[in-house]
Amino acid sequence: MEKIQNLSSKVENIRTPEECEKELIGFQLEYLEKVELDPTKRPKINNTKKEYSNDFSKILREHTSIENYLNDEYIKRLPDIKKEWGTSDFEYKRGLFVGDITNKIHELYLNNIGNWKSEAMELIDNEINRLGPVVNDLDKINSEKQNRCGLINFNVGPIGDPKNLEKLESLGLNSYDDYINIHFKDLYKQKLNGTYSGISDIKKSFSLLAEKIVDEYPQIKAVIGRSWLMDSKFGEMFKFEIFDRHENSVFTTGGFWGQFIDENGYIKKDKIRKFLDTGKAPFYPAEGIMKVEDFLDEYLPEERKRKGNIKLREISPESKKGKVEIDQTIKKVKDNWFKLSFEELFSMVESNPFLAEFYKTEDGRKHKELMREFKKSGISTMDDFVYDHREDINDKFNQYLNSYQYDYKDKDFYPKVSSVSR
């Protein structure tokens, strides 16, 4: 296995991200054909187009970074991006652009064209060029939309419902606490723009993040990294503990393929060829975790540590209990959707004081009537109801759920001060 330290080797000839991504797409198309889309199991040509297109789209989304690439190219070429970004019209048109290309790639494959992969590559280039020239700096857009510390992008929020909840609880954590989820941009892209020269830059980024936690996010309980890097010596080097590994669902993010690209933007052809031949990857996406106290001990700058006591915050048991009860009530409604009458279901909802307050509002009254209507129509769950409704009542309901305010209490933390400065 290549040592992480070798990432800091200097090679002048760095490829552009566009050159690298185009070559990588060629290997990903080969992967689809050779490993996942066994020709003996192809959908019959008389199947409905919707059926097989959806299947193929799912494979592209979960097993390759092609859709990510198309999404990025669409954003880079869209005039007035600041005005359009985040609107329903923007999302619709971008989805249409990506979906249309996905369907056309699938048609090339199904028509059994011998050189379908090169045809697909040409199709992607032509469709992207039809959008017009690049007018937006994607890195700048992402930096404005994402939280960032040095080389790290991060977001803050509850972890939700991890598969390995038991492991999380063994560390004294739970799904209601707030976490920082960190993501690394491809190192070759960082090197290209001059922001990455070696492992020390990653450590500096962690130090910046540690200071931001103290200053802005004292309620954070842990830092979580999700990447194939966590399955390598990277995770061990930076003191993360692996609590989940996704060998059976390795392609849920495009980042999986980053292990086959060196820091100068060149494909590691021997490694990717071995993966295509065997179906076994060197590394798999994994989730590494560090409790916030350990993270601050490890990465908070010494001058900050020497200031002494740090005020962290944690959710009070009472307010956490309230959120658990809300979630349990919603789950009981879903579980009993077909078993109970509408009146019985709604009585269950109103038994929770927080949910009952929503249904006293105009939005809540609309939601109640729509629940009644969709209960009559036989839709299976509350989720189906809210996502089916075109007036975005699901947004109003979800916004209200997200408005639940936790009460916090201070927690004293005294970081370990090193006798020798880092």
> For residues Y359 and F346, establish whether the separation of their ring centroids is below 6.0 Å.
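Yes.
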> Compare all side-chain heavy atoms of I242 with those of M230 and state whether any distance is below 4.5 angstrom.
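Result yes, sub-4.5 Å side-chain heavy-atom pair found.
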> State the CH2-CD distance between W257 and E21, to the nearest 0.5 angstrom.
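If I round to the nearest 0.5 Å, the distance is 14.0 Å.
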> Take K239 and D294 through the test salt bridge (Lys or Arg N to Asp or Glu O under 4.0 Å) and record every step on the way to the result.
CA-CA 9 Å; K239 310 295 179 65; D294 296 333; over 6 Å; no
> Would a line drawn from the ring center of F260 to the ring center of F27 be shorter than 6.0 Å?
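No: the rings miss the under 6.0 Å criterion.
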> Would you please classify the geometry between the F295 ring and the Y299 ring as parallel, tilted or perpendicular, with 30° and 60° separating the classes?
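The rings of Y299 and F295 sit tilted, inter-plane angle from 30° to 60°.
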> Taking side chain as C-beta onward, heavy atoms only, is R304 less than 4.5 Å from L296?
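No, their side chains stay 4.5 Å or more apart.
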> Students often mix this up, so state it plainly: with edges at 30° and 60°, are the rings of Y31 and F275 parallel, tilted or perpendicular?
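Rings of Y31 and F275: parallel, as their planes differ by under 30°.
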> Tell me, with the steps shown, if E344 and S347 meet side-chain hydrogen bond (donor to acceptor under 3.5 Å, both in side chains).
CA-CA 5 Å; E344 290 171 317; S347 175; over 6 Å; no
> Is it true that F354 and Y400 have ring centroids separated by less than 6.0 Å?
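They qualify: ring centres under 6.0 Å apart.
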> Regarding D327 and K323, does a basic nitrogen lie under 4.0 Å from an acidic carboxylate oxygen?
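Judged by the 4.0 Å cut-off on N to carboxylate O distance, D327 and K323 do form a salt bridge.
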> Please determine whether a side-chain nitrogen of the Lys or Arg among D407 and K320 lies less than 4.0 Å from a carboxylate oxygen of the Asp or Glu.
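A salt bridge is absent here (no side-chain N lies under 4.0 Å from a carboxylate O).
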> If we only count heavy atoms from C-beta on, is the R77 to N136 side-chain gap below 4.5 Å?
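Result no, sub-4.5 Å side-chain heavy-atom pair not found.
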> Ring-plane angle category for F397 and H367, please: parallel below 30°, perpendicular beyond 60°, tilted otherwise.
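F397 and H367: parallel rings.
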> Could you check if a side-chain atom of E302 sits within less than 4.5 angstrom of a side-chain atom of R306, using non-hydrogen atoms only?
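Yes, side chains in contact.
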> Can we say E314 and K221 salt-bridge, meaning some charged N sits less than 4.0 Å from an Asp/Glu carboxylate O?
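Here E314 pairs with K221 in a salt bridge, since their nearest N and O are under 4.0 Å apart.
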